[in-house]
Amino acid sequence: MNVQTPWFIPLWRRIVLVCVCLGWGLAEFLMGNPGWSLLFAALGLYCAYQFFVVFDPKDPVPEDKDDT
């Protein structure tokens, strides 16, 4: 899953997504659903790693070169 898209450049979007995934995993755990809890917790941890460890916030649009 590629989450390295320009849509995630604003920091607040990355924080919200990670919090929602981890929060949903906690809610599922508290409701007694360990499978769903593990799934959402793993998704939240993956997103946290992608967004805060290896994320490069530069826009991947190629720059125009001089046509001389």
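Because the structure is predicted, anything quoted here is derived from the model rather than measured. The residues of the chain are indexed from 1 along the displayed sequence.
Minimum interatomic distance between G44 and C21 (heavy atoms only, all atoms of both residues): CA-CB, 3.6 Å. The minimum heavy-atom distance between S37 and F29, with the atom names listed, is OG-CB, 3.2 Å.
L17 CG to L43 CG: the interatomic distance, rounded to the nearest 0.5 Å, is 7.0 Å. The structure places SG of C47 at 13.5 Å from CD1 of I15, a figure rounded to the nearest 0.5 Å. Here E28 contributes atom CD and L38 contributes atom CG; the two are 11.5 Å apart, rounded to the nearest 0.5 Å. For the atom pair CG of L26 and SG of C19, the computed distance is 12.0 Å after rounding to the nearest 0.5 Å. Once rounded to the nearest 0.5 Å, the distance linking CH2 of W36 with CH2 of W24 reads 10.5 Å. We find the CG-CD distance between L45 and Q50 to be 12.0 Å, quoted to the nearest 0.5 Å.
Residue F40 is not grouped with residue M31 when hydrophobic side chains (ILVMFWY) are merged at heavy-atom distances under 4.5 angstrom, including chains of intermediate members. Residues L22 and L39 are members of separate hydrophobic clusters, defined by side-chain heavy-atom contacts under 4.5 angstrom among Ile, Leu, Val, Met, Phe, Trp and Tyr. No chain of hydrophobic side-chain contacts below 4.5 Å, direct or via other Ile, Leu, Val, Met, Phe, Trp or Tyr residues, connects W12 to W7.
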Between F55 and F8, is a ring pair (Phe, Tyr, Trp, His ring centres under 6.0 Å) present by the stated rule, with each step listed? CA-CA 9 Å; F55 189 73; F8 288 117; 7.5 Å; no
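The shortest distance between side-chain heavy atoms of I9 and R14 does not fall below 4.5 Å.
With sequence neighbours left out, the ring pair (Phe, Tyr, Trp, His ring centres under 6.0 Å) criterion links F52 to no other residue.
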